[in-house]
Number of protein chains: 2
Amino acid sequence: MAADPLSRVFAALADPTRRDMVARLAVGDATVGELAAPYDVTVQAVSKHLRVLEDAGLVSRSREAQRRPVHLEAEVFDLMTKWIERYRRQAEERYRRLDDVLRSMPDDDAPPTTQERNPS
Amino acid sequence: MAADPLSRVFAALADPTRRDMVARLAVGDATVGELAAPYDVTVQAVSKHLRVLEDAGLVSRSREAQRRPVHLEAEVFDLMTKWIERYRRQAEERYRRLDDVLRSMPDDDAPPTTQERNPS
DNA sequence: TCCTTCATCAACCTCTTGGTTGAGTAGGAC
DNA sequence: GTCCTACTCAACCAAGAGGTTGATGAAGGA
């Protein structure tokens, strides 16, 4: 299992079945059996998926008689969006600057190289 | 390899080394050798990581003499943020409604159950 | 031409992952 | 008590991921 939280969250959502379960849980809490119903896999496999989601902090499980209602914890999403937004903004900012440089150059100049794109 | 684009992007970013490379590339383009330098792995391993990032659409590689400058493609991030935001908003909206229901109930009522949290 | 550099391809190894089956546990219902 | 339901645990298996080493390709410099 990945040590860092960000790796766990990304890995958990890398599986389409698990993303599907998150989508289902966004509508409302559900039991393991309810979550397993739409899929052509055993309830044990679904239980494993839920454990991955739980380890990532994406869901929590309580107890209610024999049932184990699963609950979506939306806060962890922020971890990802913060990471993503940081580097997206950084990359976009870089392009803005590159465009400025290109606009300030004469038309017959050479195309941009690695060095020009990566000013150190 | 995962078939759907979203799975590929999430899986690509589930590895801390690859996230690190994305962070490096947000600063500017780099060659495979430059990207490999900080890590205690072979350049072949780094080349494999870059292939994963490329298959996910997160980076592109051009040619420049023997070098293969790697370039960050920030647009794919939108795929993820859209997915994340959709379900986060949905979950938050659900809580807002749940809070309204709870507030409208008498104090001595039972704690919320799965059914109450999942009105269908 | 030969050499060096930068990077990929191919084969292999180990650990993880997503699935299975079978057994076990927890808690109503009868 | 004995069932039945809902779920988890344990062991196993096939496939994939991340790493290695060794060989190969592609391009500039001597």
Side-chain angles (χ1 to χ4, degrees), chain A residues 1-4 6-22 24-25 29-56 58-71 110 113-115 118, chain B residues 1-4 6-22 24-25 29-56 58-71 110 113-115 118:
Chain A
M1 172 85 43
D4 62 300
L6 211 41
S7 294
R8 279 201 292 265
V9 181
F10 276 121
L13 294 179
D15 186 284
T17 304
R18 285 194 293 261
R19 280 201 309 279
D20 222 47
M21 290 175 178
V22 168
R24 163 64 185 81
L25 289 167
D29 294 4
T31 65
V32 178
E34 286 166 355
L35 284 168
Y39 309 103
D40 194 23
V41 295
T42 61
V43 74
Q44 286 95 325
V46 171
S47 191
K48 279 194 183 181
H49 278 307
L50 288 173
R51 179 154 180 75
V52 174
L53 290 171
E54 191 178 27
D55 286 343
L58 281 161
V59 307
S60 61
R61 287 185 278 188
S62 49
R63 179 166 274 287
E64 188 178 287
Q66 311 102 303
R67 267 152 263 108
R68 304 292 307 272
V70 182
H71 173 70
T113 68
T114 300
Q115 269 316 307
N118 181 17
Chain B
M1 173 83 46
D4 61 301
L6 212 40
S7 294
R8 279 200 293 264
V9 181
F10 277 121
L13 294 179
D15 185 284
T17 304
R18 285 195 292 260
R19 281 202 308 280
D20 222 46
M21 291 175 178
V22 168
R24 162 67 185 79
L25 289 168
D29 293 4
T31 65
V32 178
E34 286 166 355
L35 286 168
Y39 308 102
D40 194 23
V41 296
T42 60
V43 73
Q44 287 94 322
V46 170
S47 192
K48 279 193 185 183
H49 279 307
L50 287 172
R51 180 154 180 76
V52 174
L53 289 171
E54 191 177 27
D55 286 344
L58 281 161
V59 306
S60 61
R61 287 185 277 187
S62 50
R63 178 165 274 288
E64 188 179 287
Q66 311 103 302
R67 267 153 263 109
R68 305 291 307 272
V70 183
H71 173 70
T113 67
T114 300
Q115 269 316 308
N118 181 17

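The structure presented is a predicted model; accordingly, all values stated were derived computationally and were not measured.
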Subject >> Pair listing, salt bridge (Lys or Arg N to Asp or Glu O under 4.0 Å) test, anchored in residues 39-52 of chain A, at least two apart >> reply: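 Listed once each, the pairs would be none.
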Subject >> Heavy-atom pair of closest approach, residues A:Pro38 and A:Glu34 >> reply: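 Looking at all heavy atoms of both residues, the closest pair is CD-O, 3.5 Å.
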Original post:
How far apart are the closest heavy atoms of A:Leu25 and A:Val70, and which atoms are they?
Top reply: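 Looks like CD2-O, 3.5 Å.
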**OP:** Would you indicate, yes or no, if C:dA7 has its OP1 or OP2 atom less than 4.0 angstrom from a side-chain nitrogen or oxygen of B:Ser47?
**Re:**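 Looking at the OP1 and OP2 atoms of C:dA7, neither is under 4.0 Å from any side-chain N or O of B:Ser47.
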Within the side chain of [X], is there an N or O that forms a donor-acceptor pair under 3.5 Å with the backbone of [Y]?
X       : Y       : answer
A:Thr31 : A:Pro69 : no
B:Arg68 : B:Ser62 : yes
A:Arg18 : A:Ala12 : yes

Which whole-number value in Å describes the distance from [X] [atom1] to [N] [atom2]?
X       : N      : atom1 : atom2 : value
A:Glu34 : D:dT5  : CD    : P     : 16 Å
B:Arg8  : D:dG16 : CZ    : P     : 15 Å
A:Leu50 : D:dT8  : CG    : P     : 7 Å
A:Arg67 : D:dT8  : CZ    : P     : 13 Å
B:Arg61 : D:dA26 : CZ    : C1'   : 15 Å
B:Asp55 : D:dG18 : CG    : P     : 12 Å

**OP:** Scan nucleotides 16-30 of chain C nucleotide by nucleotide, 5' to 3', and note B when protein non-hydrogen atoms come under 4.0 Å of the base, S if they reach only the sugar-phosphate, - if neither.
**Re:** --SBBBB----BS--
